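No experiment lies behind these values; they were computed from the predicted model shown.
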Amino acid sequence: QVDLVESGGGLVPPGGSLRLSCVASQRISSIESLGWYRQAPGKRREHVAGITDGGSTVYADFAKGRFTVSRNNAETTVYLQLNDLKPEDTAVYYCTGVRVRTVDGYDYPELWGEGTRVTVSS
């Protein structure tokens, strides 16, 4: 079983920044796309940003201009840079991978991490 493991969450004041990371627990041959979702207390999980293996990116409207998604294919790691954070950005942020293939040849249609908590508060 391959796991995606997020890190980098924490408590920051409004206007602050964080960099979230997500790495696979096993050696990966390919991942078609990697992305980030978030879920705030009492709200539905929502898409934040995604990036394909070719480097194409997509962002939710609330993320445009403040968040940046990037990936390191050699390390099979995806990052989410969060800038100018607002209290409404408080949520658990989840990493997801689509069409994941390990070097051992195992295929996973979709994988999710367990999340990392981001709290924006003064």
Would you say Arg101 has more than 12 foreign heavy atoms packed within less than 6.0 Å of its CZ?
-> no

N-O pairing of Lys64 and Asp61 below 4.0 Å | yes

Can you see which heavy atom on Asp84 is nearest to which on Asp89, and at what distance?
-> O-OD2, 4.3 Å

Would you indicate whether the side-chain heavy atoms of Val48 and Phe62 approach each other to under 4.5 Å?
-> yes

Side-chain contact test, heavy atoms from C-beta onward, threshold under 4.5 Å: evaluate it for Trp112 versus Cys95 and give yes or no.
-> no

Flag if over 12 foreign heavy atoms under 6.0 Å of CZ, Arg99 = no

So, do Ile31 and Thr76 sit near enough that their side-chain heavy atoms are less than 4.5 Å apart?
-> yes

Compare every heavy atom of Gly9 with every heavy atom of Thr116, then report the nearest pair and how far apart it is.
-> OG1-N, 3.1 Å

Using the test side-chain hydrogen bond (donor to acceptor under 3.5 Å, both in side chains), find all partners of Glu114 that sit at least two apart in sequence or belong to another chain.
-> none

Is there a side-chain contact between Tyr79 and Arg19 (heavy atoms, below 4.5 Å)?
-> yes

Decide side-chain contact (heavy atoms from CB on, under 4.5 Å) for Leu85 and Phe67; before the verdict, give the C-alpha distance in whole Å, the side-chain angles of both, and the deciding distance to 0.1 Å.
-> CA-CA 9 Å; Leu85 283 162; Phe67 299 172; 4.0 Å; yes

Go through the steps to decide whether Tyr108 and Gln1 satisfy the test side-chain contact (heavy atoms from CB on, under 4.5 Å), and finish with yes or no.
-> CA-CA 9 Å; Tyr108 299 84; Gln1 175 66 36; 4.0 Å; yes

For Tyr59 and Val69, work out which heavy atoms get closest and say how close.
-> OH-N, 2.9 Å

Does the side chain of Arg71 come within less than 4.5 Å of Asp53's, by heavy atoms?
-> yes

For Pro14 and Ser122, work out which heavy atoms get closest and say how close.
-> CD-N, 3.7 Å

Out of Leu11, Val92, Leu20, which residue meets the side chain to side chain contact (heavy atoms under 4.5 Å, CB included) rule with Val118?
-> Leu20

Please walk me through it: do Tyr106 and Val2 pass side-chain contact (heavy atoms from CB on, under 4.5 Å)?
-> CA-CA 9 Å; Tyr106 291 97; Val2 177; over 6 Å; no

How close do Tyr94 and Gly113 get, heavy atom to heavy atom, and via which atoms?
-> CD2-O, 3.5 Å

How many angstroms lie between atom CG of Asp107 and atom OG of Ser30, to the nearest 0.5 angstrom?
-> 7.5 Å

Heavy-atom closest pair (His47 atom, Ala60 atom, distance to 0.1 Å) is O-CB, 3.3 Å

